[in-house]
Amino acid sequence: MAVCVAVIGKDNSPKYILCLNPNQELQFHYRVHTSLDVVEEKLKTTGDRDVRELYIGQLYSTEEHKIFGYVTNTRIKFIVVVESSSTSLRDNEVRMMFRNLHAAYTDVVCNPFYIPGDPITSKNFDNTVRRIVSGN
Amino acid sequence: MSPTVDSHDLPQELCVPALAPIGFTGLDTLNNAVHRAVWDAFSNGRTGDRVPISFMLLSPDQEFPPMKSKRNSYEWYVPKGILKVNWMEKHLRKLPAVIVIFYDLDWDDPLWNEKKQECASRVQSVRAALEGRGCRIAVTLLQQASAALPSGEDVMAIERGNALRTACALNAKSLFVLPHGDHLHGYILRLEKAFFELSQNYYHQRIKGVRGHLDQLNRTSHHYLFVRHQFKMGFYSELKQDYSLAHKHYMKAYGHLLELRILENNSSEIRAVGGYINYMLCRLMFLHLNFYREAIAQFRNHIDQFRTRMFGPRELEFEHHAWMCNQFGTFGDLFDEAVNRGLPGIQVQHPGYYYQQAALHAVERKKSCMELCKDVDAAQVNVDPFAGWPPPEFYGQRPWRVGKAVGDPSDTAREKEGILALQAKEKAVNHSSLIISILGSAISQFKTYNCPRMRRHLVIQMADEYYSFQDYAKALALLGHVLWEHRSERWWLLLTHALSRALVCAFLTASIQEFIALSIEALGPNVLLSHSRKASIFSNLCKVVKRLLPELDTEADVVPESAKETSRALWETAATANSVPLVPVDMVGGGIASLAECRARFSSASFRLDEQAKVEVYVRSLCEQRVSFERLSVVINGPAQGPMHVAVAEAGSSEDDLDGSTNLTFEYGEVKLYTATFPLDSRDIGKTMQISVTSLQFGRDSERFIVLRYLAVGAGETFTPSTCPELQNFRSSPAGKIHYDDVRPLGSTTVLPRWPRLLVQTSFDWDPPILVGEFFPVRVELTSLGEQRRLNSLVLQVRVTGDPVTTSGIGSTDVGKDATVLQSQKTIISTTPTYLQQSNDLQLVLISHSSESQNRESKVIQTEFYVSALSPGRREICIKALYGYEGEGDAEGEEAETKLVLETLDPLSVSVQILSLGRLDTVSSTLMGEPFLLVPRLTSHAHCTLRITSTYFNLAENVRALGVGEGFVKGNQMCGLELGPKEGATEALVVRIGSGSSSPGKEELPSSSTMATGTFSVCWVRGASPTRGKKTGRGPAGDGSQEESSTSSRLVPTETSVPLPRVRVDWTPLLIEAELPAHGWMRTAMPVLYRIHNCTHGLLRLQLSMEASDAFMFAGHIQTPLCILPHSVDTFTFNLYPLLSGLVALPRLRLSVQGGRGGGGEDEGGGEGSRQGDGDGTEFVQMGGDGFAQWRDGHSTRQSHLRDLLERSLPTHVYIMPQAKGKAASLPSS
């Protein structure tokens, strides 16, 4: 389903980025990085947004990719990049993906050996994310 | 470099706004001023509010494009292309919709007929030139302004106008009059409108004509014509300014276009025309119809339609990218123009995205071109490859297919030649400058729409483009901006990408400063470069420092040889150049963590002036290679001294420096601590010093050296991430090493005054707490702490800082209450144990500047002061010594102080009782002249023994102490008594109020009054106590015996006074006193004496009786009448002979009031007397004279008074001792 998943810290530094295609890693880094502009803008105009709604929807789309965002209450951002050609993906599925991602991230933070703010190196998390990405 | 003109750009005629052309003829603008003015008025100032038409000045012999011969049937007609190249040009510039013939002719022109003919002939010639085209012809007569009359009134005008019209064969709406005069502009505007209407008319006609053609077309061979005709109608509608109609036709044209079958021969044409129609559509929707969403949707659809299709031969793939680039670019331009006209763009939908896409395609185009055109001979590049070729007749047609229909076969050789020519042409294009200019537009858009990261991404792309263009300096400058931001956001992969590129740029431009800074950053742990690359970067860095030539690291991107050559030459000059060897590198800004990181801190948050301030610098190596530094220093900012360089460590010049204290060589990850001290300045006292910069020097002074500057605190915690620094403590550090992450920064310190050079100590001779009222001596000892110089001045200040605000209720006797009333100040500090100086602070000048005191030399100075507290509670006393030494500035007022906390106790409580003398009962009232006892009872609350030195009563007036006198009466029972804690003592004094019988006739007191009796005072001193001599305070224990003598000499008694209770004094007519021994013996007679005083001024008659008692036999009157003279005493003596031992009741003496006649002698008791009372009362009054004047109550009252009097005055019992054995009973002697 997705081709890239990223966890971005509240200071906008990347904590975890998974690219299915390692050759395009740099490109996806840029893509995720630039999508933060939109996330920031959306968070700025958060006034009328329901604070309980963490999913912020599609950030933008290009010829090849659609980018979706999700921001936790602690301003951790999840970014999912989906290929534009996969039209079968429904909004609901994207939401579900984010929810699972959030749960997995919560598990990481609950680990007492993880220092919040550090890049995530947990294998468990990596496996979970790969499962989420592949849609299982 | 300006972008070269590209064959894929939109044709000029497409881009200009479609305005209906109006041709003017007959205006001689060169020679005729009036004509010139008219032309200028028409053609100048064509702003938006004027009619959308354009004007062209036609020469008298203007030729118009020839009309094509009409076809009778289109059935066999095969169009060779879609849109003719010259068609739009023709309708915009060459063929006016309206031709206006200007002619100078007034209605009353004398040569009217001739001129009319001339005008008609001119019209005729124009009409002939048009050759049957449907252009509208109009005639405008230029007339004198004054001649013009309101139309309709001038009969001649109407008549001549009609005549002229007929002559020229014009219809009614095509003849105009333009008076040139005052209101030229107004006339012009009206004329314009009329011309515009004519042009609309004309285009309407044209559209109709084209629509007529449509019916004749067939679907098999005329696909092109469907597109062409719809396009033509759209274009005419646009000229007509009917935008929605134009939109409709263009849409249809576009639809027809998409239906066309794409073949290899026509692909280029379809693509080109598709782009044009799309452009026209989008322009209409953006700029005229405000269908923004539709415009974007149309464009999306357009791109989708054309993006994936392969147009043309593989050898010309770049053309496709060029076309795509052009599509996006022009759409971006349109979008931008719409935004300028008020369309609000949003962050995710703005022109920037289209420019970005355009740039992407431009890059693709470049790539494709580099791939496909690499074989093209460079010599051909500068000549026009199509110099000899016929120009294409249709838009987008290949040059080698000019004049051929779709179905016609191509000439293969010619085609090959053409492709080569196109490739040659493509190779001549400066792609980089194209890309850069598009990126520039995109960057400015993204900046406007608040997308800093996207902008950065584009900047990097731009830098890449400059890089490939071999403009390394510009690329480096661009990357420099971006690095900082990527670093601060910690996108290491992106940083690495940019850094690696920037490093190569810096190498190729040989800019030492950048090359060093970038190399250092690249060596940091966050940069994701390979170890081998980092190693080569490090060795390069070392080479640069040693002024050797660095080498391009092997893993960097491919660099042209020429650039390498240039850079080598540059490095050679740089190496030999006599430039400044210092290269500062700021290690701030998001924290370049590389080579080493430093944390400098003060070892303490404050330093004394006489100390050396200490700085600790922790250095951790972050370099994977072994790295050595030359010098470590810290810049400290002090308010007075300014920035101050403190060298912390320096690599020893001698090689045998093995202890490692100044060894600045680090292995990877090693942490070392260095310390340095520096002196403080007295001007900085009370101020803050800060570490501003820590510098590490890499490289030797003699060659070239790098100074890594670490801005310390204040620039914030640049090292720890912005997330909670507390969490960093959880990071595990290698065991047994300095925990670098745990080092808390302490970037500032306060300079405090030096440690006091005098020690202030206090000691007490007495045990605290203080007792209220006493003068408690406090000894102060000032000890010099090793200072050799002589004291210049010394002032001791003693101040009570913590006075109890409210008087506490401890022992709330009269003492406490009085004390609160008495004192406004509750504590007195004095140099003498007297109340002479009543203040709560004290200033003792022990040494002044002028005095030649002995004290100056001595090591220890002692002095003493007294504290007297007037109320109980806790007190704080601050003792401060202000001093200065000889040879030091006066400004430096040093001080030393100590604080005393002293509790205060109430030493004594005194309660005074009043006892009746007769029965020793507590009474609250007394009788005039009756003696009574004043009994003060002391209780000690002190913690120590109190010695009572004396007590005295200060009796009030009218109060006399029996047998001693009046006024000041010394007590004697307590004198010299020592009271331990909680012990008590009692004093007694017999006094009487009023003189009784001694001063008859002077009793002026009322019958009953309350009066003060005076005060009681106790003088006491502290007695010897077992804990005597115990010290408090910091002083050393003194010599006990010495103190004994010194303190005892100082013992000043403290006086505690309490008021004696007030007592009610009743007047009484008579007083009875009994005088009997304290005890009697069995069967031994004892005399008892009763004295009865008459206190009145009259004669007193009473009946006295003595009741019999079992315990006594007695001799004396049993019953006798009394008659006592005024102010005299009658005495009765009885001899009692005790019969029983123990406490036995005395025989009761009874008195009753005697009647005037002396009757009632048998009246013994109160019962009898009361029965006959009424009659007696009157007699008393008559007989008693003034003596009884105050006793005028009834008989029974008098009787009860008497009884009360007897009861309180006379003892009831006496203690009889048993008879001693063997002692004979003796009768009473009397």
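Note: hydrogens, waters and symmetry copies are ignored here, and every other heavy atom, side chains too, is used. Just so we're clear, the structure is a prediction, and the values are computed from it rather than from any experiment.
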Measure distances from [X] to the heavy atoms of chain A and classify the residue's part below 4.5 Å as side chain, backbone, both or neither.
X: B:I303; answer: side chain
X: B:Y353; answer: side chain
X: B:Q349; answer: neither

Shortest non-hydrogen contact from [X] toward [Y]:
X: B:N450; Y: A:E41; answer: ND2-OE1, 3.1 Å
X: A:S13; Y: B:W491; answer: CA-NE1, 4.0 Å
X: A:L26; Y: B:L494; answer: CD1-CD2, 3.9 Å
X: B:P452; Y: A:D37; answer: CD-OD1, 3.1 Å

Measure distances from A:I17 to the heavy atoms of chain B and classify the residue's part below 4.5 Å as side chain, backbone, both or neither.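 Only the side chain of A:I17 comes within 4.5 Å of chain B.
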Should A:H29 and B:H497 be marked as a ring-ring contact (aromatic ring centres under 6.0 Å, His included) after you check the CA-CA gap, both sets of side-chain angles, and the distance that decides it? CA-CA 11 Å; A:H29 269 72; B:H497 170 68; over 10 Å; no
With a 4.5 Å limit on heavy-atom distance, are the side chains of A:H33 and B:M454 in contact?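 No, side chains not in contact.
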Salt bridge (charged side-chain N to carboxylate O under 4.0 Å, His left out) involving A:E40 - partner list, sequence neighbours excluded: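 Per chain and number, A:E40 pairs via salt bridge (charged side-chain N to carboxylate O under 4.0 Å, His left out) with A:K77.
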Is it the case that atom CG in A:N92 sees more than 12 heavy atoms from other parts of the structure closer than 6.0 Å?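 No - once you tally the heavy atoms of other residues, nucleotides and ligands closer than 6.0 Å, there are 12 at most.
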Report yes or no: does A:N12 contribute a side-chain atom to a donor-acceptor pair with the main-chain N or O of B:E489 at less than 3.5 Å?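 Side chain of A:N12 to backbone of B:E489, a donor-acceptor pair under 3.5 Å: no, none is there.
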Between CD of B:Q356 and OG1 of A:T34, what distance do you get to the nearest 0.5 Å? 7.5 Å
How long is the straight-line distance from CG of B:L493 back to OH of A:Y30, given to the nearest 0.5 Å?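 The OH atom of A:Y30 sits 8.0 Å away from the CG atom of B:L493.
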